[in-house]
Amino acid sequence: MKQQLETALKGIPVPDTVHARMEQGLRRKKRKHRLPQLILAASLLIGLLPYDRIESWIQPPIDQSTASMTPGLVYQKAIYLQSDTTIAEETEFQLRGQKLGVSKNTWTEGAEAVNVKQSLGSNLENYTIYVVKGYDPAIRLLAVGQEDGAEIVRVLDRSTFRPDYFQQLHLQQTILRANYQTFSTWESTNSEPISAESRLRQLFAELSKAVPLRESDLAADVVEYQNDTDLRILNVTMADGVTNQFRLIREGYVYYEPLDRYFAVNGPVFDDVWEQLNQ
């Protein structure tokens, strides 16, 4: 099987740099992550994922037992992925909107063929998929399922950008609380509170106007941000109980994980927020 996967991968006409990163894995956060190549090959062959978006799928499982890849779903020919967006337990049920169906576990590492065009095709088994009340289902969905006897709730965000993407996340609603982490505390429960609602609103307004940038668009010193000097993880909980996570990079960029894109928001607004994250 390993030889078959390697052969299938090398037969796909994609740039050499993409091949290398697919084979070697991409360092995200502190660990190396690797996507099963056969699933990746199927995605490429049908043209569902652009080459430079493939890397966002190279992630470890999050409470995921069915396949060693990020929990994800196909809905209306778009791919939705789980990142670090969460919903508070006390408001989650209230945010369950229209039921769209039940996920079909069609993405498995041992599958000989993967039909990723299938609506609600997923690597999540028997998850009920809902619209998130107040949100455009073309941007965000809610998946609720059972694993090992426990209810698991996952927020799935669309992985391709459109101009109103951040407006559709309702980032201008009241902010209940915000905190930040450094690179060293990223994967722990340690965080520092930040009281800067007006500054964050301004930051989100600038973010909504910014255009997405690929990693290849940035200087090498910008993308080498995984250290305590250059990186802050900003977690912002909105009035509806949804917590969105953003990576702020000292040079004036915001990285948003579901899109695997960087956004230049450098200027006085970013500088003010960065100062708050370094006190």
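Every value quoted in this text rests on a predicted model; they were computed, and no experiment measured them.
- E251 is not listed as a side-chain neighbour of L218, based on a closest heavy-atom distance of 4.5 Å or more.
- Without hydrogens or angle criteria, R140 side chain to D157 main chain gives no donor-acceptor distance under 3.5 Å.
- Taking the side chain as every heavy atom from C-beta outward, V265 and L203 approach each other to under 4.5 Å.
- Checked against a 6.0 Å centroid threshold, the rings of F270 and F263 do not count as neighbours.
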Verdict with reasoning, Q276 to L200, per side-chain contact (heavy atoms from CB on, under 4.5 Å):
CA-CA 10 Å; Q276 291 291 313; L200 292 178; over 6 Å; no

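- Separating the CZ atom in F246 from the CG atom in L207 is a distance of 6.0 Å, to the nearest 0.5 Å.
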Verdict with reasoning, F166 to V254, per side-chain contact (heavy atoms from CB on, under 4.5 Å):
CA-CA 12 Å; F166 290 112; V254 174; over 6 Å; no

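- Partners of N227 under the side chain to side chain donor-acceptor pair (under 3.5 Å) rule, at least two apart in sequence or in another chain, are D230.
- Looking only at side-chain heavy atoms (C-beta outward), V273 and E206 stay at 4.5 Å or farther from each other.
- In this structure the side chain of L124 never reaches within 4.5 angstrom of the side chain of L73, judged on heavy atoms.
- Atom CD of E257 sits about 8.5 Å away from atom CG of L81, to the nearest 0.5 Å.
- Contact annotation: the side chain of Y75 never approaches that of L156 to less than 4.5 Å [non-hydrogen atoms, C-beta and beyond].
- No donor-acceptor distance shorter than 3.5 angstrom exists from the side chain of D260 to the backbone of S159, with no hydrogens or angles considered.
- Using a cut-off of 4.0 Å between Lys/Arg side-chain N and Asp/Glu carboxylate O, E147 and R154 are scored as salt-bridged.
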Output side-chain donor-acceptor pairs under 3.5 Å for residues 232-243, partner residues at least two apart or in another chain, one line each.
{"unit_1": "R232", "atom_1": "NE", "unit_2": "L277", "atom_2": "O", "d": "3.0"}
{"unit_1": "R232", "atom_1": "NH1", "unit_2": "D228", "atom_2": "O", "d": "2.6"}
{"unit_1": "R232", "atom_1": "NH2", "unit_2": "D228", "atom_2": "O", "d": "3.3"}
{"unit_1": "R232", "atom_1": "NH2", "unit_2": "N278", "atom_2": "OD1", "d": "2.6"}
{"unit_1": "N235", "atom_1": "OD1", "unit_2": "Q245", "atom_2": "NE2", "d": "2.8"}
{"unit_1": "N235", "atom_1": "ND2", "unit_2": "N179", "atom_2": "OD1", "d": "3.0"}
{"unit_1": "N235", "atom_1": "ND2", "unit_2": "Q181", "atom_2": "OE1", "d": "3.3"}
{"unit_1": "T237", "atom_1": "OG1", "unit_2": "T243", "atom_2": "OG1", "d": "2.6"}
{"unit_1": "D240", "atom_1": "OD1", "unit_2": "V242", "atom_2": "N", "d": "3.0"}
{"unit_1": "D240", "atom_1": "OD2", "unit_2": "Y135", "atom_2": "OH", "d": "2.5"}
{"unit_1": "D240", "atom_1": "OD2", "unit_2": "Q173", "atom_2": "NE2", "d": "3.3"}

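- Considering CD of E215 and OH of Y262, their distance stands at 4.5 Å, rounded to 0.5 Å.
- Contact between W274 and R250 at its shortest, heavy atoms only, is CZ2-CB, 3.4 Å.
- When side chains are defined from C-beta on, L120 does not count as touching V102, because their heavy atoms never get closer than 4.5 Å.
- Taken to the nearest 0.5 Å, the OG atom of S103 stands 11.5 Å off from the CG atom of L141.
- More than 12 heavy atoms of other residues, nucleotides or ligands sit less than 6.0 Å from atom CD of E197.
- With rounding to the nearest 0.5 Å, the separation of CG in N123 from CD in E125 is 10.5 Å.
- Between Q146 and E151, some side-chain heavy-atom pair lies under the 4.5 Å cut-off.
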Could you please spell out the steps behind the side-chain contact (heavy atoms from CB on, under 4.5 Å) verdict for R199 and E275?
CA-CA 11 Å; R199 292 186 178 93; E275 183 178 354; over 6 Å; no

What do the steps show when you test R201 against T174 for side-chain contact (heavy atoms from CB on, under 4.5 Å), and what is the final call?
CA-CA 9 Å; R201 285 179 179 276; T174 300; 4.1 Å; yes

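- Annotation: Y225 is not in aromatic contact with Y253 [ring centroid separation under 6.0 Å not met].
- Between the CG atom in L259 and the OG1 atom in T160 there is a gap of 7.5 Å [rounded to 0.5 Å].
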